[in-house]
Amino acid sequence: MLDAREPRDFITNFKPRDFEGYFEWVPQSTRPTLAAGGELETATALNCVVQSGSADVIAVNDNGGAGGFEFQAVKYYERARPGALAVDFGQESPVRVQGPPRRIALLAERKTDVLVAGLRDWPVGVFADPTSVTGRAAWYSFAFFLRLAAGAVLDVDPLELQCGFRPIATEQRPAGQAFLSDTLENGAGYCRELGNPERFAEMLAHGLHTERGSIAERWLLHAPECDSSCNRCLRDYHNLAYSGLLDWRLALDMVRLARDPAAVLDLAAPWGNLTNPWSRLVEGENAPVAAALGRLGYKESFSAGRLTAYKNPDRNAVCIVRHPLWEDAHPEWQEALTATRERHPNAIIAAADPFMVLRRPSDFMPGAKPG
C-alpha cells in the first residue's frame, strides 16, 4: 500500500540556466499501471481472455521502490501556498520545513483506451507467477512483444502505445495480465481495434516462426548473438528501466501459451523444424549456463531424468536446470528430482533456469539465499 498523491502544482528552487545544446539522461522513475475503473468489453481469442475499452492508467513515482519521498510541511518559502509540502534539501535550499516527515509517492492519472490480455489455461506445472522474478519478466516480455506486434499489425509506431502488466487476485493464486494503452490522452482507438479477437490473433501470429516476415522469424535469426534481449529484439531507449527483465525467448514462449494451452515448454524440444532457442544456452560443456555454473564450482554434470544436473562436490550441492516457467509440480521436474535423490541422497538440490543463472549467478552459490 502506498500513500500516492497527484500534486495540484509544483514549486521549484532550481536556478535557471541557458540551454547549452545537450540533454542529461534521466532514468525512468515512473511506470504505467492499469487502475480499476471503466467498462471493458471482454472477448476470447485463442487461449486468451481479451478486454478492451476506456480505463484509467496511473503512473507512480515511488522513489525507486522506497515507497515515496520524505515530505514535510513548508515552514517558510515566499512562493509557497498554505498546506504545501516539500522535501528537505538542507541549508542550501531556500525552503524551510518543519514537522514530522510523511512518505508520499507521486501519482499521475489519465484516461485512455486500453487492451488487457490474460491466459485462460496453463499446462500442468507451467505458470508465470507475478510474485516471482521470472514470472514478472515473462509478463513484461509478453507485453513489450504485444506492443511491437501491435505496431506491425496497425502499421503505426509502437511508441503510440504504452505497455505493462498488472497482478490480479484469483481464487487460487495471484495471476498476471499484460496490457497496452494508447499513449494519446482519451485514446486514439488503437487498443479498441486490437481488442477484436481477429486483430488480437494477428498480433499473436507474429510470435510464430513459421509466419514469413514475423517478429519471431527475425528474433530467431539473431539467437546466436543474444542471450536475453537487445536493441534488435525487445529493448529500446524508452524501456531502459525494464532491460534487465526482458527476454525474447520468454516472450515467444508466452505467445505459444497464449495461442495453445497444450504448448510444450522446455529447453530441448524442437520448434517444428527449428532447434529450440533455449538449447543454445544449456546444451554442451561450453554453453553459457554450464560455464556460469562451472565458475561457481558445479563441475560435474549428469542426467536427471530428461534434465541436466550439475554437482558441486565441495559443497555437496546440485543444481538441476529447467525451464524458467516450470514449477515444482511439473512432471519432468518431479522425475528429475527423484532421480537426483536416488543418485545423491544427501545433496542439497536446487532448481536453476537460464534466465536467472545468466543474470544473477550468485543466487546459485552454495548456501546463498536466492534474491
Side-chain angles (χ1 to χ4, degrees), residues 2 27-34 60 62-67 118-119 122-123 125-146 163-170 172-179 226-230 233-235 239-258 265-267 277-278 281-282 288-289 292-293 295-296 298 307 310 317 319-330 333 348-371:
L2 289 175
Q28 183 171 329
S29 58
T30 62
R31 59 188 185 277
T33 304
L34 189 63
V60 176
D62 61 358
N63 192 19
L119 271 61
W122 297 82
V126 175
F127 189 64
D129 185 351
T131 65
S132 70
V133 175
T134 51
R136 291 193 293 274
W139 282 111
Y140 274 123
S141 299
F142 182 46
F144 279 101
F145 164 85
L146 289 178
C163 66
F165 101 94
R166 67 172 181 178
I168 59 171
T170 66
Q172 293 80 23
R173 61 191 302 183
Q177 292 179 325
F179 74 86
C226 184
D227 288 344
S228 53
S229 62
C230 66
C233 53
L234 282 172
R235 295 188 189 184
N239 64 16
L240 287 171
Y242 305 94
S243 292
L245 285 173
L246 300 180
D247 191 294
W248 66 268
R249 292 173 174 86
L250 275 180
L252 292 185
D253 277 338
M254 288 292 288
V255 175
R256 294 173 66 211
L257 291 172
L265 264 59
D266 64 15
L267 303 176
W278 290 103
L281 304 181
V282 298
V289 169
L293 291 175
R295 288 190 289 270
L296 296 175
Y298 293 89
L307 306 183
Y310 296 86
C319 278
I320 307 175
V321 181
R322 71 184 190 184
H323 192 279
L325 298 184
W326 280 16
E327 296 191 302
D328 291 346
H330 196 285
W333 169 255
I348 302 170
I349 303 173
D353 67 72
F355 181 89
M356 294 298 292
V357 170
L358 296 180
R359 288 167 174 79
R360 294 161 66 168
S362 60
D363 281 4
F364 301 94
M365 295 177 63
K369 183 178 180 181

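Everything quoted here is computed from the prediction, not taken from an experiment.
Contact of the Leu293 side chain with the Val321 side chain is registered, since non-hydrogen atoms from C-beta on lie closer than 4.5 Å. In this structure the side chain of Leu246 reaches within 4.5 angstrom of the side chain of Ser141, judged on heavy atoms. No side-chain heavy atom of Ser229 sits under 4.5 Å from any side-chain heavy atom of Ser243. Looking only at side-chain heavy atoms (C-beta outward), Trp278 and Asp266 stay at 4.5 Å or farther from each other. Annotation: side chain of Arg235 is in contact with side chain of Ser228 (closest heavy-atom distance under 4.5 Å). Counting heavy atoms from C-beta on, the side chains of Leu250 and Leu325 come closer than 4.5 Å. Counting only heavy atoms from C-beta outward, the side chains of Trp326 and Leu307 approach each other to under 4.5 Å. Pro174 is listed as a side-chain neighbour of Pro130, based on a closest heavy-atom distance under 4.5 Å.
Salt bridge present: Arg322 and Asp328 bring a charged side-chain N and a carboxylate O closer than 4.0 Å.
Checked by atom type and distance alone, the side chain of Arg249 pairs as donor or acceptor with a backbone atom of Asp227 at under 3.5 Å.
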**Message:** Under the criterion side-chain contact (heavy atoms from CB on, under 4.5 Å), I'd like the reasoning laid out for Tyr140 against Asn239: C-alpha separation, chi angles, the key distance, then a yes or no.
**Reply:** CA-CA 11 Å; Tyr140 274 123; Asn239 64 16; over 6 Å; no

**Message:** Met254 vs Trp139, test: side-chain contact (heavy atoms from CB on, under 4.5 Å). Steps then yes/no.
**Reply:** CA-CA 8 Å; Met254 288 292 288; Trp139 282 111; 3.9 Å; yes

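In this structure, OG1 in Thr134 is found 10.0 Å from CZ in Arg359, a value given to the nearest 0.5 Å. Taking CH2 of Trp333 as the start and CD1 of Ile320 as the end, the distance is 4.0 Å to the nearest 0.5 Å.
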